[in-house]
Amino acid sequence: MATGYEIRHSLLNEARHMLYEKWNRDWEIIRRNHDLAQKPIESMPAPPTAAEIKALAEDLYEFVQRK
């Protein structure tokens with residue numbers, strides 16, 4: 001059985017993975033659109049912050065705690 005620490009650690013890693021996957025998809029869409037339009041990329045989306053990762057992990061943990 002997993003401890004509370006292990007569950008929180010797992011959820012934090014899952015939140016990080018989810019947000020970085022979204023960031024990578026968004027970046028790929030921007031890159032493709034700019035390639036198709038033959039325009040230079042003016043700015044790149046910011047990667048997820050620690051605060052965003054923590055907030056998502058807390059939301060996931062809240063869901064797990066519901067009965």
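For Glu6 (side chain) and Thr3 (main-chain N/O), a donor-acceptor pair under 3.5 Å exists by modelled atom type. Arg31 contributes no side-chain N or O that, together with a main-chain N or O of Trp27, makes up a donor-acceptor pair within less than 3.5 Å.
Tyr20 and Leu56 end up in the same hydrophobic cluster when Ile, Leu, Val, Met, Phe, Trp and Tyr side chains are linked at under 4.5 Å.
Summarising the geometry of Pro45 relative to Ile30, their closest heavy-atom pair is CD-CD1, 3.6 Å, with the distance given to 0.1 Å. The two residues Glu42 and His34 come nearest to each other via the heavy atoms N-NE2, 4.4 Å. In plain terms, the two heavy atoms of Ile53 and Ala15 that are nearest each other are O-CB, 3.6 Å. Contact record, Lys54 with Leu12: CA-CD1, 4.5 Å, taken as the closest heavy-atom pair.
With rounding to the nearest 0.5 Å, the separation of CD in Glu52 from NZ in Lys22 is 9.5 Å. In this structure, CZ on Phe63 lies 10.5 Å from CG on Leu11, to the nearest 0.5 angstrom. Leu19 contributes atom CG, which lies 10.5 Å from atom CD of Glu21 (distance to the nearest 0.5 angstrom).
Heavy-atom neighbours of His9 NE2 from other residues, nucleotides or ligands within 6.0 Å: at or below the threshold of 12.
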So Met18 and Leu60, side chain to side chain contact (heavy atoms under 4.5 Å, CB included) or not? Walk me through it.
CA-CA 11 Å; Met18 291 167 64; Leu60 294 172; 4.2 Å; yes
Determine whether Tyr5 and Arg8 satisfy the following criterion, side chain to side chain contact (heavy atoms under 4.5 Å, CB included), listing intermediate values before the conclusion.
CA-CA 5 Å; Tyr5 173 79; Arg8 289 189 302 277; 4.2 Å; yes
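A salt bridge is absent between Arg25 and Glu28: the closest approach of a Lys/Arg side-chain nitrogen to an acidic carboxylate oxygen does not fall below 4.0 angstrom.
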